[in-house]
Enquirer: 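Questions regarding the structure given below will be posed in turn.
Scope of the values below: all heavy atoms of this structure, side chains included, with no hydrogens, waters or symmetry mates.
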Amino acid sequence: MQSLMTWLQRRKKQLLISAALGAVLCLPVSGFIYGFVACSDCEYSFIGFLWRIFIGIIHVPLTVITLGKPWNDEAGISATDIRMYVLLSFLGISMLSYLSLNGRANKW
């Protein structure tokens, strides 16, 4: 009985840690992916690849500030809504971190 309680407490702790990590990282990761993909005038070369990374880094704080509606132009008007992708990245990051914590716990 005691081992079952410690097992449940460990699972609950792992789930809370992975959910917190997913909540913190979902907006920046989604913003970077959006900026990397949405760069319309980036060419298909090594310099274009570096420019896509730069635009992705620029979109990280924009997505965090606007909570999933990054700006398309300088006026701040956006018709783009990536909140569904933010939810999917939250689930993905949470699942990967939970599986990582679960695998690490099984090694011990």
Enquirer: Do Ile33 and Trp51 land in one hydrophobic cluster if side-chain heavy atoms of ILVMFWY residues count as linked below 4.5 Å?
Expert: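 Per the 4.5 Å side-chain linkage, Ile33 and Trp51 are not co-clustered.
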
Enquirer: Identify the heavy atoms of Leu62 and Thr66 that sit nearest to each other, and give their distance.
Expert: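 For Leu62 and Thr66, the tightest heavy-atom pair comes out as O-OG1, 2.7 Å.
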
Enquirer: Applying the 4.5 Å side-chain criterion to the ILVMFWY set and letting contacts propagate, would Val60 and Phe54 be lumped into a single cluster?
Expert: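 No, it is not one cluster - the side chains of Val60 and Phe54 are not joined through contacts under 4.5 Å.
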
Enquirer: Does Ser89 use its side chain to pair, donor to acceptor, with the backbone of Cys26 at less than 3.5 Å?
Expert: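 Yes, the answer is positive, given that a donor and an acceptor are paired below the 3.5 Å cut-off.
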
Enquirer: Between Tyr85 and Val64, is there shared hydrophobic-cluster membership here, with clusters defined by ILVMFWY side-chain heavy atoms closer than 4.5 Å?
Expert: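 They do share one cluster, since a chain of ILVMFWY contacts under 4.5 Å joins Tyr85 to Val64.
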
Enquirer: Nearest 0.5 Å, please: how far is CD in Gln9 from OG1 in Thr6?
Expert: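 Here the rounded value is 7.0 Å.
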
Enquirer: Kindly say whether Leu27 contributes a backbone atom to a donor-acceptor pair with the side chain of Ser30 at under 3.5 angstrom?
Expert: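 No, the answer is negative, given that no donor and acceptor are paired below the 3.5 Å cut-off.
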
Enquirer: Calculate, to the nearest 0.5 Å, the distance between atoms CG and CG belonging to Leu25 and Leu96 respectively.
Expert: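 It comes to 11.5 Å.
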
Enquirer: Kindly work out whether a path of hydrophobic side-chain contacts (I/L/V/M/F/W/Y, heavy atoms less than 4.5 Å apart) joins Ile82 to Ile65.
Expert: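 No, separate clusters.
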
Enquirer: For a 4.5 angstrom cut-off between non-hydrogen side-chain atoms, does Ser94 reach Leu91?
Expert: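 Counting from C-beta outward, Ser94 and Leu91 never come under 4.5 Å.
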
Enquirer: Working to the nearest 0.5 angstrom, can you tell me the gap between Arg10 CZ and Asn102 CG?
Expert: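 These two atoms lie 8.0 Å from each other.
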
Enquirer: Do Phe36 and Ile57 sit in the same hydrophobic cluster, where Ile, Leu, Val, Met, Phe, Trp and Tyr count as joined when their side-chain heavy atoms come under 4.5 Å apart?
Expert: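 Yes, Phe36 connects to Ile57 through the hydrophobic network.
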
Enquirer: So which atom in Phe90 and which in Ala19 form the shortest heavy-atom distance, rounded to 0.1 Å?
Expert: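 So the minimum-distance heavy-atom pair works out to CE1-O, 3.4 Å.
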
Enquirer: Return the CG to CD1 distance between Leu88 and Ile93, rounded to the nearest 0.5 Å.
Expert: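 Between atom CG of Leu88 and atom CD1 of Ile93 there are 11.0 Å.
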
Enquirer: Would you indicate whether the side-chain heavy atoms of Val37 and Arg52 approach each other to under 4.5 Å?
Expert: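 Arg52 does not reach Val37 side chain to side chain.
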
Enquirer: Tyr44: which other cluster members, linking ILVMFWY side chains closer than 4.5 Å, directly or transitively?
Expert: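 For Tyr44, no cluster forms, as it stays isolated from other hydrophobic side chains.
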
